[in-house]
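Computed over heavy atoms, backbone and side chain alike; hydrogens, waters and symmetry mates excluded. Lettering of chains follows the sequences in order, A, B, ..., and the numbering in each one begins at 1. These numbers were taken from a predicted model, which means no experiment stands behind them.
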Amino acid sequence: MLDMRLIRENPELVKQGLANKYDTSDLDKIVTLDEKRREIIRQVEKLKGQRNKASAEIAQKKKAGESADEAIAAMRQVGQDIAALDDDLREIDQELQTAMSWLPNLPHDDVPVGKDESANRFVREWGEKPQKDFKVLPHWEIGESLGILDLEAAARLSGSGFYFLKGLGARLERALYNYMLDMHVADGFLECSVPVMVTTETLFGTGQLPKLAEDMYKTERDDLYLIPTAEVSLTNVYRGEIIDHTMLPMYMVAYTPCFRREAGAAGKDTRGMIRVHQFTKVELVKIVRPEKSLEELESLLTQAEKVLQGLKLPYRVMVLATGDLSFASAKTYDLELYAAGVDRYLEISSVSTFDDFQARRMNCRFRDADGKIHFPYTLNGSGLALARLIPAILENYQNADGSVTIPDVLRPYMGGADKIG
RNA sequence: GGAGAGGUGGCUGAGCGGUUGAAAGCGCUGGUCUCGAAAACCAGUGUGCCUUCGGGUACCCAGGGUUCGAAUCCCUGCCUCUCCGCCA
């Protein structure tokens, strides 16, 4: 949620930010609603003041045994006026709230302005693309031939867009998330195991709702959504609370399945594990003091990079253009992992800062040392997505004989195995 | 899933139609005292909104309703606890 005060006092700045994000919300309407809202509040509170005064007098008279009939009769109309104004206010509040809830976060000044991913800016790269003297098979082929990935079985069970790992394939997934969790925990992240079904309010808090309703799975009977990312469960942990400043910064990590309908992505990446409805991911979330958020963003990026460096997988860092930023994000780095079989870069991590946008939606605040209350800043980053990591390993670590070498750091997690096949 | 009890400030806990934003205790902050600390004593200690910056107004799980007036009465929902059932 954006700060209404900022919109009121500096609408042009907000408009420019929205324009850079290619958002078409009607800000003038919001400004008008806000003015109307405050006008009604002024009126109704004046009346309520009168009523409170009169009520006290009525109470006095009754206590003294005098008749208060006249005063009561006089207040009847005031009561009705208040009720009518309260109705108006409720309506306007609702309208304003709805309009506000659709406003995306504003991008930072240093985010490149551009319509889509073609405007994303290269930041740096790490590692070498693997040089192979044979044709590297895409992960769905090598996975099938090694008997560790059974996409047919997944389709039998759930239709398209799912994967079924077995044997060392499933073991590889387990090795990866144990490796990542151990690394992040060692680096100070609090390990969490969290609900993957959450309420509307929770999804509103991180900004998935109302805009992305179509992209998520919902259990209609119970009104719960399956999380598209553990960001949702972790970030909302203190929704509606005022926490103490000594609890900041909070670093959290969770391994969960993630569920995405991929409603708008029909026909894209239909083969293999690259774009599926259910995948697992290790997610990192930080809740920090506002003034620390920029350095925390950089260190979160570094944390995600550390996983890829440990696995010796080549990647590049991109900073997303304004038009490619997610609804809630103020600045996002993407980590793109080169996969030799599909011969392209795969987005494997998205590291973002949300400033106070999510904290406002969650109404999560912290009490500072001086007693003042502020919104903390929230950040998150994948650390990392398993359904992209596994293909990359199957492709980049592929050998001419059709086997796949297991990265050194994973071997202790693989029962000592050094290759698959 | 069935039966019952209950949701009040950071916590415990009173209040059950009229100066109650809310007693009391604990905690916390500041002060006195002390070489220092503890104890004791004194003072302070919720959040949002509106504001002509004097104040005003709202909030006692959430949303409706009754009333001149609701923390208090009524309805709906959510959550917690106890017992039973089911269950990894």
Side-chain angles (χ1 to χ4, degrees), chain A residues 1-9 30-101 193-205 209 218-225 233 236-248 250 256-257 356 358-376:
Chain A
M1 203 77 88
L2 297 180
D3 183 359
M4 189 64 230
R5 203 161 305 158
L6 176 69
I7 295 174
R8 198 143 68 207
E9 289 166 5
I30 287 175
V31 171
T32 306
L33 282 171
D34 174 55
E35 277 167 16
K36 249 195 249 175
R37 173 177 171 274
R38 284 184 296 152
E39 175 54 32
I40 293 177
I41 287 175
R42 279 192 290 271
Q43 288 177 27
V44 77
E45 289 198 346
K46 204 181 214 174
L47 290 180
K48 283 180 177 173
Q50 286 176 25
R51 181 176 71 182
N52 287 346
K53 213 173 282 173
S55 279
E57 284 163 15
I58 290 169
Q60 283 296 337
K61 282 189 178 168
K62 290 219 164 182
K63 211 175 257 176
E66 297 168 27
S67 163
D69 293 352
E70 207 172 300
I72 288 173
M75 286 323 285
R76 192 160 286 143
Q77 184 59 46
V78 174
Q80 282 170 13
D81 291 348
I82 288 173
L85 284 171
D86 268 342
D87 283 346
D88 292 349
L89 183 60
R90 197 167 9 230
E91 210 170 293
I92 291 230
D93 261 340
Q94 178 69 43
E95 210 178 327
L96 183 59
Q97 177 69 17
T98 299
M100 289 290 284
S101 74
S193 177
V194 300
V196 299
M197 295 169 75
V198 298
T199 61
T200 302
E201 291 74 23
T202 299
L203 283 160
F204 183 85
L209 286 178
K218 186 180 185 188
T219 64
E220 292 294 342
R221 289 170 77 96
D222 300 294
D223 229 21
L224 291 170
Y225 290 85
S233 306
N236 276 283
V237 62
Y238 290 118
R239 178 161 57 83
E241 300 285 311
I242 300 175
I243 59 179
D244 195 74
H245 68 282
T246 52
M247 292 168 73
L248 304 178
M250 283 184 62
T256 68
D356 59 359
Q358 293 182 324
R360 284 179 184 281
R361 293 174 83 93
M362 296 189 294
N363 196 26
C364 172
R365 293 163 292 171
F366 72 97
R367 189 185 303 279
D368 212 341
D370 61 4
K372 294 236 169 68
I373 288 172
H374 310 282
F375 289 107

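Straight-line distance between the C1' atoms of B:C73 and B:A3: roughly 26 Å, to the nearest whole Å. Comparing the same atom, P, in B:G36 and in B:C53 gives a spacing of 47 Å after rounding to whole Å. Between the C1' atoms of B:A14 and B:A22, the separation comes to 10 Å (whole Å). Between B:A38 and B:G27, the distance separating the two P atoms is 12 Å to the nearest Å. The separation of B:G9 from B:A23, taken at their C1' atoms, amounts to 13 Å, rounded to a whole angstrom. A gap of 49 Å separates the P atoms of B:G4 and B:C42, to the nearest Å. Nucleotides B:C61 and B:U72 have their P atoms positioned 8 Å apart, rounded to a whole Å. Remark: the separation of the C1' atoms in B:C49 and B:A88 is 48 Å, to the nearest Å.
At a non-hydrogen distance threshold of 4.0 Å, A:Arg37, A:Arg38, A:Ile41, A:Arg42 from residues 32-42 of chain A come into contact with RNA chain B.
Applying the 4.0 Å criterion to OP1 and OP2 of B:U67, one finds that A:Arg76 has every side-chain N and O outside that range. When the side-chain nitrogen and oxygen atoms of A:Asn52 are compared with OP1 and OP2 of B:G18, none of them lie within a distance under 4.0 Å. Contact check, A:Arg51 against B:U57: no side-chain N or O comes under 4.0 Å of OP1 or OP2.
Heavy atoms of A:Lys62 sit under 4.0 angstrom from at least one base atom. Within 4.0 Å (heavy atoms only), A:Arg8 reaches sugar-phosphate atoms of the nucleic acid but no base atom.
Between A:Arg51 and A:Ile82 there is a side-chain heavy-atom pair separated by less than 4.5 Å. For the pair A:Ile243/A:Arg365, no side-chain contact is recorded, criterion being any heavy-atom separation below 4.5 Å from C-beta on.
Glycosidic conformation of B:G54 is syn; the angle stays within 90° of 0.
Minimum atom distance to the side chain of A:Ile58 is reached by B:C68, of the listed B:C68, B:U57, B:C49. Taking the side chain of A:Glu45 as heavy atoms from C-beta on, and the options B:C68, B:G64, B:C49, the nearest nucleotide is B:C49.
As the counterpart of B:G4, B:C81 is assigned, both hydrogen-bonding distances of the Watson-Crick or G-U wobble pattern falling under 3.5 Å. For B:U76, the paired nucleotide is B:A62, the pair qualifying as Watson-Crick or G-U wobble because both relevant distances are below 3.5 Å.
Checking A:Asp87 against A:Gln80, the closest nucleotide of RNA chain B that is more toward the 5' end is the one next to A:Asp87.
Not counting sequence neighbours, the partners of A:Asp244 by the side-chain contact (heavy atoms from CB on, under 4.5 Å) test are A:Thr246.
Surrounding CZ of A:Phe204 are more than 12 heavy atoms belonging to other residues, nucleotides or ligands, all under 6.0 Å away.
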